[in-house]
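Take a look at the structure below.
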Amino acid sequence: MKQYVVEKPGIRKSVEEELKRKKVCAPVKQENSANFSAIHSFEEIVWGPPQTVIPPKKYFLPTSENILSFRKRDGGFEVEALNAAEEIVLFGVHPCDLNAIYLTDRIFAEKNQDENYLAKREKAVLIGVDCLTPCSPEAVCLRMDGLNPGDRFDLFLTDIGDVYFVEAASRKGEEFLRGEGRPASEIDHRKLSSVRKQRDELFDQEEKKLLPDYNDLPGLMKRNYVHAVWEEHGEKCYGCGSCNMVCPTCYCFDVEDYMRVDLENGFRKRFWDGCMLEDFAKVASGENFREERFDRLRHRTNRKLNYLFDKWGQSFCTGCGRCIKACLTHIVSPLEIANEIFQRQSV
Amino acid sequence: MADRPKVGFFSFTGCEGCQLVVLSMADRLLELLGAVEVVNFREASSYKCDDYDIAIVEGAISRVREITELIEIRKRAGTLIALGACAHVGGINCMRNFANQFEIKKEVYGDKASNFDSFLAQPLDAIVKVDHYARGCPPSRDGEEFLEIVVALMQGKRPYIPNYPVCVHCKMKGNVCVFHKERPIACLGPVTRAGCMAACPSFGNACIGCRGLAGKPNLNAHQQTMEEAGLTPEETMKFYRMLNGMMEVGK
Ligand code: SF4
Ligand code: SF4
């Protein structure tokens, strides 16, 4: 990975150059919150808080996407696969989301490669921005190993005062810079370390501590598959799926065919689905494998902290805090659930 | 179902706005007219015929004559679709059900009140079996969902109607939850069935529940959420009764 130091106007220039050629999407203000959206000027970008309502996964797995069109032909069907992908620059992606994109990249490239996701992903440039203050009161990224993105980006900017410390992990990232900046010096590195140290102190709030050992989260979940916490929280759950929709690592979708009125032409649509929804695990016979809300909450939490953790070696909750905010009944936080189980098992 | 099924539109107590939504579908309507034969449609034609496969019924039931007519329609139709909130859950008409019946009749009809046989408003399925519901006030997504139901029927397929709450689509739209706005608004979305693409919250308003309740609504949780938003249980109940006076869980 290459490290540079770039003057702030240099970054502005790079964004403006990209704007002439490509779609650039970044967090922009939306009422008292923010959301990723296509920008037209550098000024629109929201740096730091507030956290966006929806994570950038929507650019790779759209909320709804036509994946096939079909028409009746000679007693059969003529089908065409649809895969629309455009070049975009995703600017201002927070570390929790960079980590989440890395994880969903693994999922969609495993075994059955998901062409629609991967085509969009390939055409995107990821420019991350370090969070020097928590982007929401709910953020628990420091605890869930989400605050440091490693090299899971094309370019990553940290504000170290008058300049940005820039890490470039790919050719795409280098190209974005267009030769702006100079290689980082020993002094720049020291500045970076001190900025990150200050950052970590800000994030290190007592009330947001993860009580069990991070690496024992899968074990904790396994040992407490049966635990009163699930029923207690489940009872308050709406089954509204808000926690799924806003989660950067929730990637489930449903597929449905739609015929036009002429009964000749139609299309196949895939759209976001969520394991907290009642029909998610319902099969054709009418059997529902996770009929109760507590079953589903236990499943969601286990996906984040156990099943996928075991498989990919890290928590699938990156601590972005979105579900914690979105849940109107305040029951879903994977960190709080883990803490509650941990405390109650040790009494 | 045979080619070009015959379709009849019928209207009971309501504003007939549902039929207008269907009529205003413009080019989609022309496509539909190519696929079905409309034999009864008061809003659009004076032609009437009593032979139809699919009956599409809007409005609630609030008079004796309407009961007999609805039963007659049910007998003739192979499939009956309730169109709109009044037909589905009774809709706004049911607000009368929680008032003093003598007084409201007097207020509307004055000293002629005793000449009118209107009674507590009912959804269609309080009287007959309803096969499908095209929900919403007016029918959701400018009538698109209604069209999807008709197309699914022609294919012999079960229409795809979500049973989860409005929140799902509200999130997909990227809305700031109305409970989380600078000035929070109390919303029925968490217990209302999705399918409108969160029409009202997307314009910054509360969901008023026009699609009826979600599959298994958590009304206890909602009570709590509404209280946190500053509503008393009485106020919450009044809000439900605006369109869902005759609400029935799981419909
Ligand atoms: S589980 Fe919640 S806090 Fe964790 S990544 Fe998903 S939305 Fe963010
Ligand atoms: S945990 Fe919260 S956000 Fe998730 S489905 Fe239940 S009520 Fe909705």
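Convention: sequence-line order gives letters A, B, ...; per-chain numbering from 1. What you are looking at is a predicted structure, and each value in this text was computed from that prediction instead of being measured.
Listed options A:Met276, A:Glu235, A:His330, A:Met259 were ranked by heavy-atom pairs under 4.5 angstrom with chain B; first place goes to A:Met259. Interface summary for chain B: among A:Glu31, A:Glu278, A:Lys236, the most heavy-atom pairs under 4.5 angstrom belong to A:Glu278. Per-residue heavy-atom pair counts under 4.5 Å with chain B were compared for A:Gly274, A:Ser242, A:Ser33, A:Gly241, and the maximum is reached by A:Ser242. Per-residue counts of heavy-atom pairs under 4.5 Å with chain B were compared for A:Ile331, A:Asp273, A:Asn244, A:Leu263; the largest is that of A:Leu263.
The distance from atom SG of B:Cys167 to atom CE of A:Met245, rounded to the nearest 0.5 Å, is 10.5 Å. Distance check, rounded to the nearest 0.5 Å: CZ of A:Phe271 to CE of B:Met172 gives 7.0 Å.
Contact of A:Lys58 with chain B is not made at all, since no heavy-atom distance falls under 4.5 Å. With a threshold of 4.5 angstrom between heavy atoms, B:Leu32 approaches chain A through its backbone and through its side chain. Of the two parts of B:Gln224, neither the backbone nor the side chain holds a non-hydrogen atom closer than 4.5 Å to a non-hydrogen atom of chain A. For A:Leu328, the parts lying under 4.5 angstrom from a heavy atom of chain B are both the backbone and the side chain. Contact annotation for B:His169: neither backbone nor side-chain heavy atoms come within less than 4.5 Å of a heavy atom of chain A. Using a 4.5 Å cut-off between heavy atoms, A:Ala326 touches chain B through backbone and side chain atoms alike.
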Criterion side chain to side chain contact (heavy atoms under 4.5 Å, CB included) on B:Val176 and A:Asn32, from CA distance to verdict: CA-CA 8 Å; B:Val176 175; A:Asn32 55 348; 3.6 Å; yes
Pair A:Arg260-B:Val151, side chain to side chain contact (heavy atoms under 4.5 Å, CB included): steps then yes or no: CA-CA 7 Å; A:Arg260 290 190 65 94; B:Val151 171; over 6 Å; no
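Of the possible donor and acceptor atoms, one in the side chain of A:Tyr238 sits under 3.5 Å from a partner among the backbone N and O of B:Ala221.
B:Gln223 is linked by a side-chain contact (heavy atoms from CB on, under 4.5 Å) to B:Glu227, B:Pro233, B:Thr236, counting only residues two or more places apart in sequence or in another chain.
Here B:Lys216 pairs with A:Glu291 in a salt bridge; the nearest charged N to carboxylate O distance falls below 4.0 Å.
Remark: B:Lys157 NZ is packed, more than 12 non-hydrogen atoms of other residues, nucleotides or ligands lying under 6.0 Å away.
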